[in-house]
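Structure first, then comments.
We use all heavy atoms of the structure for the numbers below, so side chains are in, but hydrogens, waters and symmetry mates are not. A, B, ... follow the sequence lines: proteins, then strands. Residue 1 opens every chain.
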Number of protein chains: 2
Amino acid sequence: MHSQHSSQPVFRALADPTRRVIIAMLAEGPRRIGDLVVEFDMTRPAIAKHLAILKQGGLVCVENKGRERINRLNPDALKSAADWINQFEQFWDEHLTKLKAVVERET
Amino acid sequence: MHSQHSSQPVFRALADPTRRVIIAMLAEGPRRIGDLVVEFDMTRPAIAKHLAILKQGGLVCVENKGRERINRLNPDALKSAADWINQFEQFWDEHLTKLKAVVERET
DNA sequence: TTTATTAGATACCTTTTGGTTTCATGTCAA
DNA sequence: TTGACATGAAACCAAAAGGTATCTAATAAA
C-alpha cells in the first residue's frame, strides 16, 4: 500500500495557500520572481522563500537568463502527489457504492 | 481557474507524514485511537491532535460507540484535494507533448 | 562608467506546529 | 461499587514556518 518515494517535500510545498496560488500562476506561464511579488501583499524575500520550498518539492525549476531568473512549473512533481491520493480511489469507489446501496434500500 | 471551496484544511491535513500514514491505516478499515497509537512511537495526545486536524480537514469522521470512538476515513475530502491537483492535468499533458516533440526532433 | 534593475543572502521576530507530561471523565465488567 | 479501560483536556515546550528589514551582487542600459 504505502508508496515508497518520499512525497513529503511535495505535500509540504502544497500545504501553504500562497504557494498554491503561485503554482496556479506558473501554470499560466513562466514568471520572474518580481512578476510574482507584485501580485501579493508580501515582500520579495517571502516569495523567494516560498519559491525555494516549491523547488525543494520539485514543483518549480529555474532557468538563469542574464540577470533574470525564469521560474517554471514542473507538473511531474504535482502528478506524484496526485498518484499518492489516487491510491485511495478504490476505497472511495467502494464507499460510494455502499452509500448508494444504503440509499436504495431506504427508498 | 482557481477553485472556490477552501481546500486549505485538507492540504494542511495532508502535509504531515504521520497523518498520511494514519490515512493509509484508516483506508484499511476504521480504527480506535488506541489501535493507531500502538503503531507509532508517539504518545496518545499526539495522535489525538493529528486526528483532530484530519477531522478539521473533513478527512476523518468519528462515531461514538460506548466508551470507544471509531475513526473512519472520509474519502470525499481526499477527492477534493485530488480535484485541485487535477486542475493542472491539462498543463502537464501539454508539457509532456512538448517534451515528446523535442525528443523526437533530436533523434 | 555610472545608474537603475533584478535578484540572492543574512539576521531577526512572531506565530504555529508537533510533541510531551499530567490530570480528569465516562463506560464496561467483576 | 470498585476497578480497569478508552479516551478527552489542559498546560507547557522546542523547533519550524512565515514573515520582515536591510545589505550585497550581478547585469543591462544611459
Considering only heavy atoms from C-beta outward, does the side chain of B/F40 approach that of B/M25 to under 4.5 Å?
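Yes, close enough: below the 4.5 Å cut-off.
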Using side-chain heavy atoms (C-beta onward) and a distance below 4.5 Å, is A/V60 in contact with A/R72?
no
Interatomic distance where [atom1] belongs to [X] and [atom2] belongs to [N] [whole Å]:
X: B/I47; N: C/dG18; atom1: CD1; atom2: P; value: 12 Å
X: A/M42; N: D/dA17; atom1: CE; atom2: C1'; value: 13 Å
X: B/F11; N: D/dA17; atom1: CZ; atom2: C1'; value: 19 Å
X: B/Q56; N: C/dT17; atom1: CD; atom2: P; value: 9 Å
X: B/L54; N: C/dT17; atom1: CG; atom2: P; value: 14 Å
X: B/K65; N: C/dC28; atom1: NZ; atom2: P; value: 12 Å
X: A/R32; N: C/dG8; atom1: CZ; atom2: C1'; value: 16 Å
X: A/I33; N: D/dA26; atom1: CD1; atom2: C1'; value: 15 Å

Honestly curious: do A/I53 and A/L78 fall in one hydrophobic cluster under the side-chain, below-4.5 Å linking rule?
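Each belongs to a different hydrophobic cluster.
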Using only atom types and a distance under 3.5 Å, with no angle test, would you say the side chain of A/R31 pairs donor to acceptor with the backbone of A/I22?
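Not at all, since once roles are kept as given, no pair shorter than 3.5 Å links the two residues.
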Counting N and O atoms only, with roles assigned by atom type, does the side chain of B/N74 sit under 3.5 Å from a partner on the main chain of B/G58, one being a donor and the other an acceptor?
yes
For [N] and [X] - does any side-chain N or O of the residue sit under 4.0 Å from the phosphate oxygens OP1/OP2?
X: A/T43; N: D/dT20; answer: yes
X: A/R69; N: C/dT6; answer: no
X: A/H50; N: D/dG19; answer: yes

B/R12 side chain: which of C/dG18, D/dA10, D/dG18 is closest?
C/dG18
Closest-nucleotide ordering on DNA chain C, the 5'-leading residue of A/E68 and B/I53
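Between the two, 5'-proximity favours A/E68.
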Between B/D35 and A/D16, who's closer to the 5' end of DNA chain D by nearest nucleotide?
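The 5'-side residue here is B/D35.
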C/dA7 base to A/R44 side chain: any donor-acceptor pair below 3.5 Å?
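Check passes, donor-acceptor contact within cut-off.
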Please evaluate the base of D/dT27 for a donor-acceptor partner in the side chain of A/R67 within a cut-off of under 3.5 Å?
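When only heavy-atom distances are counted, A/R67 does reach the base of D/dT27 through a donor-acceptor pair under 3.5 Å.
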Pick base, sugar-phosphate or nothing for B/A46, based on heavy-atom distances below 4.0 Å to the nucleic acid.
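Touches a base.
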